[in-house]
Amino acid sequence: MRVVVIGAGLGGLAAAVRLAAAGRDVTVVEARDEPGGCCGTATTGPYRFDTGPSVLTMPGVLADVFGSAGEEPDSWLPLRRLDPCYRLSYHDGSHLDVLPDADAMADQVRALCGPDEAARYLRFRSLLGEMFEAEWSSFIDRDMTSLRDLARPYALLKLASLGGFRRLDRLVGAHLTDDRLIRAHTFQALYVGLPPQQALGIYAVIAHMDTVGGVYFPAKGGMHAIPRALAALAEKKGAALRYGVRATEVEADGSGVTGVRLDTGERLAARHVVVACDLPHAHASGLLPKAARDWRLRRPRFSPSCLVMHFGLDRRLPGQTHHTLHFGREWAATFTALRQGLPQPDPSLLVTHPASDTGAAPYGHSTLSVLEPVPNLTGRWDPGLADRLRERLLSRLAGLGYGGLDDAPRLVWDPRSWAAEGHSAGTPFALDHRFTQTAWFRPSGAARRVPGLHFAGMHTAPGVGVPPVLISGRLAAHRILEDRR
């Protein structure tokens with residue numbers, strides 16, 4: 001029987017590639033006119049922008065998708081490692097270039113913070129490696145659809161001994177003393193939707209993934225080249241991809257999944273379905289059977305959202321790194337405001353300048369994308385807040401030396417934009433990763449009462465980020481291939 005994958009984002013495509021390569025009859029239905037999902041693209045005039053993730057870590061996870069289909073990843077999607085991974089710019093005028101090489105990074109720390117802090121950094125870097133090894137096979141790269149999958153005493157004890165269950169800010173502060181270096185290893189908590197004061201120490205592994213493992217970028221086509229390559233590979237292996245078609249209902253009976261209804265009026269008979277889209281929205285829209293409701297979604301807690309402004313520049317920016325994180329003067333207060341559903345008083349900004357993506361702008365021109373964390377729509381949004389935040393951001397960028405951008409071609413996304421694209425609570429970062437929404441406590445990858453119904457994407461384990469979403473697709477495919485019903 002056919003397998004239907006709903007959603008041609010990274011999770012759905014990762015599942016489709018593996019299933020098609022294994023000989024299954026796979027149909028992918030995607031409401032948009034192209035693949036990508038959250039890893040999308042948009043244009044204004046001659047400028048092209050990535051509208052989703054801008055950071056690619058753990059390229060081996062992506063390579064594994066191609067390898068599962070017997071293909072060499074470099075022939076489909078050549079990547080280049082960014083050097084530096086990113087630049088951290090502090091309010092006092094200093095900066096730190098993050099380099100994956102241990103000695104080179106220690107030299108950076110030594111020049112900024114002194115030899116004692118460089119020695120502490122190297123010891124902390126070693127700790128991050130130990131934590132990563134303890135977490136990867138036991139929790140990140142493992143199916144968590146059963147409670148027994150969480151019970152791994154040795155791994156839990158190992159993580160506890162390394163400080164994994166302390167708060168992230170306290171864990172890092174116990175090993176590093178320079179505030180700038182502490183920020184460099186705790187800001188990643190926002191990736192999982194939590195302030196460093198609330199996130200568990202286990203999320204220090206995110207810093208390991210980018211500061212040690214490195215950050216990569218497609219050699220051509222920007223981040224959107226990733227879903228395009230995966231979609232092409234799925235089709236090569238026999239999957240049918242149908243764009244501009246929306247799934248309206250997953251049908252099931254006492255034996256499990258039986259098919260999928262489309263907005264065209266068609267019915268696709270199916271033995272298995274992988275739902276790889278916004279999970280709370282899928283439930284609310286009636287796409288899923290009532291029996292598929294997961295108790296973990298009774299009181300969902302969503303990550304903060306973001307304001308993103310994309311600019312087309314009539315110039316290039318010599319010396320600008322691909323990623324630059326401009327830290328504000330405030331730190332703890334900004335997270336407190338965000339947790340209370342308020343705009344940050346002095347936000348840190350992620351600026352992306354993909355100069356190597358030469359096809360994104362005409363010759364001699366370039367693009368600039370700026371992300372500011374903001375509350376999601378469960379926070380205190382008033383009708384004029386988005387406009388005020390945009391004006392403040394433009395002023396901040398001018399003060400940081402990016403010049404006047406008022407007249408530059410632009411595209412803007414704010415929480416209302418994300419909500420219009422189907423993201424629950426107006427956030428593209430899904431559920432946050434508090435303890436009660438982590439691993440087995442995150443919505444399950446399989447519907448226990450509806451056999452054959454599986455989930456992939458940010459809302460299920462392992463969670464948010466390109467590597468975890470790709471892993472979720474692999475886990476869904478493996479469950480289907482192992483199903484002996």
Practice problem: Report the C-alpha distance between E71 and K236 in whole Å, list the side-chain angles of each, state the deciding distance to 0.1 Å, and finish with yes or no for salt bridge (Lys or Arg N to Asp or Glu O under 4.0 Å). | Solution: CA-CA 11 Å; E71 301 283 341; K236 178 181 178 181; 2.8 Å; yes
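- Between F455 and H283, the ring planes are tilted. Angles from 30° to 60° get that label.
- Contact annotation: the side chain of L453 approaches that of P289 to within less than 4.5 Å [non-hydrogen atoms, C-beta and beyond].
- No donor-acceptor pair under 3.5 Å is formed between the side chain of R166 and the backbone N or O of A174.
- Residue Q108 holds its CD atom at 11.0 Å from CG of D101, rounded to the nearest 0.5 Å.
- A distance-only check finds no donor-acceptor pair linking the side chain of S472 to the backbone of G11 [under 3.5 Å].
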Quiz prompt | Trace of the side-chain contact (heavy atoms from CB on, under 4.5 Å) decision for V370 with T352 | solution = CA-CA 6 Å; V370 187; T352 302; over 6 Å; no
Practice problem: Give the intermediate values and the outcome of side-chain contact (heavy atoms from CB on, under 4.5 Å) for residues Y216 and V466. | Solution: CA-CA 12 Å; Y216 293 76; V466 174; over 6 Å; no
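- Salt-bridge annotation for K220 and D357: absent, with no side-chain N of the basic residue lying under 4.0 Å from a carboxylate O of the acidic one.
- Salt bridge status for E130 with K158: present, with a side-chain N to carboxylate O gap under 4.0 Å.
- A distance of 9.5 Å separates CG in L307 from CH2 in W418, rounded to the nearest 0.5 Å.
- Within the model, atoms CD1 of I226 and CZ of F217 stand 8.5 Å from one another, a figure rounded to the nearest 0.5 Å.
- The two residues R18 and A477 make their nearest non-hydrogen contact at CB-CB, 3.9 Å.
- Side-chain contact between S348 and R183 is absent, with no heavy atoms from C-beta onward closer than 4.5 Å.
- Counting only distance, with no hydrogens or angles, the side chain of H326 and the backbone of L88 share no donor-acceptor pair below 3.5 Å.
- To the nearest 0.5 angstrom, F302 atom CZ is 8.0 Å from T378 atom OG1.
- In terms of heavy-atom proximity, Y191 sits nearest to D210 at CE1-OD2, 4.1 Å.
- Taking a cutoff of 4.0 Å between a charged side-chain nitrogen and a carboxylate oxygen, R261 and E266 do not qualify as a salt bridge.
- The CD1 atom of I202 sits 12.0 Å away from atom CG of L162, with the distance rounded to the nearest 0.5 Å.
- For the pair L190 and F335, the minimum side-chain heavy-atom distance is below 4.5 Å.
- To the nearest 0.5 Å, atoms CG (L19) and NE2 (H478) are separated by 9.0 Å.
- The closest donor-acceptor contact from the side chain of Q437 to the backbone of D432 lies under 3.5 Å.
- Here the side chains of V274 and H272 are not in contact, with every heavy-atom distance at 4.5 Å or above.
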Practice problem: Under the side chain to side chain donor-acceptor pair (under 3.5 Å) rule, what do D278 and S424 come out as? Steps first, then yes or no, please. | Solution: CA-CA 7 Å; D278 186 283; S424 296; 2.6 Å; yes
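- Considering all non-hydrogen atoms of both residues, V450 and A252 come closest at CG1-CB, 3.7 Å.
- Counting only heavy atoms from C-beta outward, the side chains of V55 and H323 approach each other to under 4.5 Å.
- Salt bridge present: R87 and D97 bring a charged side-chain N and a carboxylate O closer than 4.0 Å.
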Quiz prompt | Residues F124, H185; criterion ring pair (Phe, Tyr, Trp, His ring centres under 6.0 Å); working and verdict | solution = CA-CA 10 Å; F124 182 63; H185 290 86; 5.5 Å; yes
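- Between the side chain of W295 and the backbone N or O of P443, no donor-acceptor pair lies under 3.5 Å.
- With E482 contributing its side chain and I480 its backbone, the two residues share no donor-acceptor pair below 3.5 Å.
- Heavy atoms of other residues, nucleotides or ligands lying less than 6.0 angstrom from CZ of R293 number more than 12.
- Counting heavy atoms of neighbouring residues, nucleotides and ligands inside a 6.0 Å radius, atom CZ of R434 exceeds 12 of them.
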Quiz item: Stepwise, does the side-chain contact (heavy atoms from CB on, under 4.5 Å) test hold for Q197 with T186?
Solution: CA-CA 9 Å; Q197 300 89 343; T186 56; over 6 Å; no
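- Side-chain contact between V257 and E251: absent, with no pair of heavy atoms (C-beta onward) separated by less than 4.5 Å.
- Salt bridge annotation for D294-R448: absent, with no cationic side-chain nitrogen under 4.0 angstrom from a carboxylate oxygen.
- With hydrogens and angles ignored, the 3.5 Å screen pairs no side-chain donor or acceptor of H310 with any backbone N or O of T51.
- Looking at R167, its side chain does come within 3.5 Å of a backbone N or O of Q198 through a donor-acceptor pair.
- In this structure, a donor-acceptor pair under 3.5 Å is present between the side chains of R80 and S356.
- A 4.5 Å side-chain heavy-atom check between V275 and V5 finds every atom pair outside the cut-off.
- Contact of the P415 side chain with the T427 side chain is not registered, since no non-hydrogen atoms from C-beta on lie closer than 4.5 Å.
- Judged purely by atom type and a 3.5 angstrom limit, T460 has no side-chain atom pairing as donor or acceptor with the backbone of G457.
- In terms of modelled atom types and a separation under 3.5 Å, the side chain of N376 and the main chain of S303 share a donor-acceptor contact.
- Of all the heavy atoms in A446 and S444, the pair that sits closest is O-OG, 2.9 Å.
- Taking the centre and axis of the six-membered ring of W76, the NZ or CZ atom of R228 falls outside the cone set by 45° and 6.0 Å.
- A salt bridge does not link E421 to R416: none of the charged nitrogens lies less than 4.0 Å from a carboxylate oxygen.
- Of all non-hydrogen atoms in A461 and M144, the two that sit nearest each other are CB-CB, 4.3 Å.
- Heavy atoms only, all atoms of each residue included: A21 and S68 are closest at CB-O, 3.9 Å.
- Using the six-membered ring where Trp is involved, Y86 and F187 have ring planes that are perpendicular, over 60° apart on the 30 and 60° scheme.
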Practice problem: Could you check T145 against R479 for side chain to side chain donor-acceptor pair (under 3.5 Å), going step by step and ending with a plain yes or no? | Solution: CA-CA 10 Å; T145 54; R479 286 192 298 271; 4.8 Å; no
Quiz item: What do the steps show when you test L431 against L297 for side-chain contact (heavy atoms from CB on, under 4.5 Å), and what is the final call?
Solution: CA-CA 10 Å; L431 305 174; L297 281 173; 4.1 Å; yes
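- Shown here is R170, whose CZ atom has no more than 12 heavy atoms of other residues, nucleotides or ligands within 6.0 Å.
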Exercise. Go through the steps for T438 and Y203 under the test side chain to side chain donor-acceptor pair (under 3.5 Å), then give the verdict.
Key: CA-CA 11 Å; T438 297; Y203 291 115; 2.9 Å; yes
